[in-house]
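Lettering follows sequence order; numbering is per chain, from 1.
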4 protein chains.
Amino acid sequence: MPEEPRRQARGQRRMVQLLDAAAVVFAEAGYAKATTNAIAKQAGVSPGTLYQFFANKEALAEALAERYRSELAAAHAKAFDPGTAHLPLPELVDRMIRPMVEVNLANPGFKALFGSGDLPDKLTAPTRALQRAVIGRVAEVLAARYPDLPPDRLETTAAVATQIFAALLGTIVSTPAAHRERWITELNQALVGYLTPVDQRV
Amino acid sequence: MPEEPRRQARGQRRMVQLLDAAAVVFAEAGYAKATTNAIAKQAGVSPGTLYQFFANKEALAEALAERYRSELAAAHAKAFDPGTAHLPLPELVDRMIRPMVEVNLANPGFKALFGSGDLPDKLTAPTRALQRAVIGRVAEVLAARYPDLPPDRLETTAAVATQIFAALLGTIVSTPAAHRERWITELNQALVGYLTPVDQRV
Amino acid sequence: MPEEPRRQARGQRRMVQLLDAAAVVFAEAGYAKATTNAIAKQAGVSPGTLYQFFANKEALAEALAERYRSELAAAHAKAFDPGTAHLPLPELVDRMIRPMVEVNLANPGFKALFGSGDLPDKLTAPTRALQRAVIGRVAEVLAARYPDLPPDRLETTAAVATQIFAALLGTIVSTPAAHRERWITELNQALVGYLTPVDQRV
Amino acid sequence: MPEEPRRQARGQRRMVQLLDAAAVVFAEAGYAKATTNAIAKQAGVSPGTLYQFFANKEALAEALAERYRSELAAAHAKAFDPGTAHLPLPELVDRMIRPMVEVNLANPGFKALFGSGDLPDKLTAPTRALQRAVIGRVAEVLAARYPDLPPDRLETTAAVATQIFAALLGTIVSTPAAHRERWITELNQALVGYLTPVDQRV
DNA sequence: TATGAATGAGTGTTCATTCAT
DNA sequence: TATGAATGAACACTCATTCAT
């Protein structure tokens, strides 16, 4: 009975296909103006098929956010090890910035789900989840560096850092590669500036 | 013959009414999902009337952005005078933050036009104009404080500061009043942190 | 009490003004796409005023058709006298064509009411009246030339001639003046061709 | 696997259905006042379905014009063969008139697209195409009969003949069947009259 | 599973007409 | 009389979602 697994494999491929298509369309049009029919067409599939895998447009966005979350997790895991936490601040910040920028560059749809404030209220949920995930990563790093920071300070600091991050990410990603480094430096300075007092206090 | 002026006054009142209604609806639904019929209804007016004053949905958004721009200008003008530029950095930043937060709090639609990346391409223009206006204000303040800063540094610094600003504004405004001050402090620290190196370099 | 007549005179002026405006707008946009608001604006008057003089868009068209009918009558009266009826056929036809073309050229709105087949059913009435008036003129001329033609033949012949007329009028009027004569000649030939058998039969 | 073709067949049927519906509605209301929702309802279909097959109202009109063009072509092809060109003029003209009248009678929407001058500018194109197609047919016949006629005379003559044609078609089609023949005869005489000089000159 | 035709409520916008002033 | 703001039904068109095949 090799039916089942083969079917599941095909199903997995379809989902990937659809998610890829959604990323492309979200990137081109933004979430709100993206149409499910356009996504289906981009995936080379009929609208009906799309709804066999995702209950609705929202579910598609959620799954895409989830995918980004795991890519981010992988990239972070690669960039950090226990020793990293005690690098000089500018270097540490650089290690936080780079993978994020790269994931963003590699996934054009990312920004549409991470940055935008014009998503329908319901969609705030998966989007917020993505943001919470990033905040979580940042918090881990800060926790390793500042073990004595009280939890609520930790949380707040991570949240603010992430928001600064998100704010400049748009500019960084949409800037032509040649000028990109300049904005990355600027982001680095902003984050270092924000974290320096914490560094000194501890 | 008070006829003419009275009519014009009515026209003015209608525009204000419609702009108010648009602000409410944009705030609730975001620009993209806001419907002109909903705005008209919120204004207690028929759809046709809306179109007597505004050529289309976009024009409404433009006028609203313009209103915000001028409210912002007024608030800034009140907060600054030539002496302000040489206040200690945290105080200066506080003077930049407060009016912005207040205008935002007083105008619920603001965020929908200022923050969002999901506006139609055409609308990018007035929205960007709003952003540029804010950046302009910030640049003026920085220019007064750092007269020797080269223009491109000035521009970049103002842009980054404004983006940090915009990023945290959302959190500040949507936080219940009781906890708001905490986030304002955080924003202040972020901006001070970003600007401190400039302060020292000059 | 010179009030009354003066008022009436003003009323007359307004009607002329509005009719002129309607002619311009009908000419530019066609009856169907012409808007009463555009006509009012063209007349330098408010929409309400328009409706003080004409019950609705249709009534405007009717009045305009009536004006054209009387201009046509005047032009015809000038072109014909009892002797004309026995001119050689091509000359007679020429005398029928010329004033019609001139009235058309002088009144750009004419075609919109005379030619078009896309008027609402109700408007067929005034339009048909205009056509009937033209047919009547043609019938008179034919009656003078062919006194023995039975009335129903007369009617039919006049109707057909008028329709041929109307069909080519559009082309003639919209052709640049330099080439106009060529199409007038063609129309002349068509009408002469159609009427020649009648000429010979009698 | 009769799946695909069956679906396509359904699609074809829908298009025919919609075109039929459009013909009916255009005939009743004229192009300008016909509504796409009315056409959909007449076809027993939702508005959305209409737009699955035709991009917009215009496209519907274009497709309808195209259908008429091909019906006309078929009817003409049936009525003419190389020998026809040298029939006595009245018979030749009769052969040109009949199929046109019949196509017109069978397709009530025809007139709305063929005659009217009140179509939107863009629609002028397919409408003109229909007219040009008719003129082309006429020109072919004339070319066969008068091989020595210079091309520009041919063109002009065909155009004028077609316009005379179009002008009387309305009357013919809207006349009750009992009296129809009388008007056909009249149209025949008009065309014969117009063409006789050409016949003699050659 | 996959299809794609079908749905239909809803969108931004228009315009003939009315009416308070 | 004259104004012009106000109306609101109607229009062309869209799109997330469903469902017969």
Report task. Mind calculating the distance between CD (Q17(A)) and C1' (dT1(E)) to the nearest angstrom? Result -> 13 Å
Query - Side-chain N,O (S46(B)) to OP1/OP2 (dG8(F)) below 4.0 Å - result: no
Report task. May I ask you to test the F54(A)-M15(A) pair for a side-chain heavy-atom distance under 4.5 Å? Result -> yes
Requested in this report: Answer yes or no on whether K57(B) is positioned over the face of Y31(B), meaning its NZ or CZ is under 6.0 Å from the six-membered ring centre and within 45° of the axis.
Outcome: yes
Query raised in the report: Got a sec? Which of residues 36-45 of chain B come in under 4.0 Å of DNA chain E, heavy atoms?
Result: T36(B), N37(B)
**Report entry** Rounded distance (Å) that lies between atom P of dC15(E) and atom CD of E58(C)
**Finding:** 18 Å
Query raised in the report: Whole-Å distance between dA16(F) P and K33(B) NZ?
Result: 10 Å
Query raised in the report: Within the distance-only criterion (no hydrogens, no angle test), does the side chain of N107(A) pair as donor or acceptor with the backbone N or O of G109(A) below 3.5 angstrom?
Result: no
Report task. Indicate whether OP1 or OP2 belonging to dA2(E) is found under 4.0 Å from a side-chain N or O atom of T49(A). Result -> no
Query raised in the report: If only side-chain N and O atoms of R14(D) are considered, is one of them under 4.0 Å from the OP1 or OP2 phosphate oxygen of dA5(E)?
Result: no
Report summary line: Ranking T35(B) and F53(D) by the position along DNA chain E of their nearest nucleotide, the one closer to 5' is F53(D)
Query - Rounded distance (Å) that lies between atom P of dT13(E) and atom CG of L18(B) - result: 14 Å
Query raised in the report: If we take the C1' atom in both dT21(F) and dT1(E), what is their distance in whole Å?
Result: 13 Å
Report summary line: Writing each nucleotide of DNA chain E 5' to 3' as (, ), [, ], | or . by Watson-Crick or G-U pairing under 3.5 Å yields .||||||||||||||||||||
Report task. For N56(B) and dC13(F), give me the distance from atom CG to atom P, rounded to whole Å. Result -> 18 Å
Query raised in the report: Roughly, in whole Å, what's the span from CZ in F54(C) to C1' in dT18(E)?
Result: 18 Å
Report task. Compare side-chain N and O positions of Y51(D) against OP1 and OP2 of dC13(F) and report whether any pair is under 4.0 Å apart. Result -> yes
**Report entry** Residues which pass side-chain contact (heavy atoms from CB on, under 4.5 Å) with A133(D), listed by chain and number, not counting sequence neighbours
**Finding:** R69(D)
Report summary line: Scanning both residues in full, the closest heavy-atom pair of L113(D) with A65(D) reads CD1-N, 3.9 Å
Query raised in the report: Is any side-chain heavy atom of Y51(A) less than 4.5 Å from a side-chain heavy atom of T36(A)?
Result: yes
**Report entry** Spacing of Q52(D) atom CD relative to dA20(F) atom P, expressed in whole Å
**Finding:** 16 Å
Query raised in the report: Across the strands shown, which category fits A55(C) at heavy-atom distances under 4.0 angstrom: base, sugar-phosphate, nothing?
Result: nothing
Query - Residue pairs passing the salt bridge (Lys or Arg N to Asp or Glu O under 4.0 Å) test where at least one lies in residues 15-24 of chain C, sequence neighbours excluded - result: D20(C)-R67(C)
Report task. Only counting residues at least two apart or in another chain, list the ones meeting side chain to side chain donor-acceptor pair (under 3.5 Å) with S174(A). Result -> none
Query raised in the report: Which comes earlier along DNA chain F counting from the 5' end, the contact point of L50(B) or that of L50(C), where each point is its nearest nucleotide?
Result: L50(C)
Quick one: side chains of residues 37-47 of chain A, donor-acceptor pairs under 3.5 Å with protein atoms, not counting sequence neighbours, listed by atom name and distance.
from: S46(A); atom 1: OG; to: T49(A); atom 2: N; distance (Å): 3.4
from: S46(A); atom 1: OG; to: T49(A); atom 2: OG1; distance (Å): 3.3

Query raised in the report: So do the side chains of F110(C) and L130(C) get within less than 4.5 Å of each other, counting heavy atoms only?
Result: yes
Requested in this report: Using atom CE of M15(A) as one end and atom P of dA2(E) as the other, report the distance to the nearest whole Å.
Outcome: 12 Å
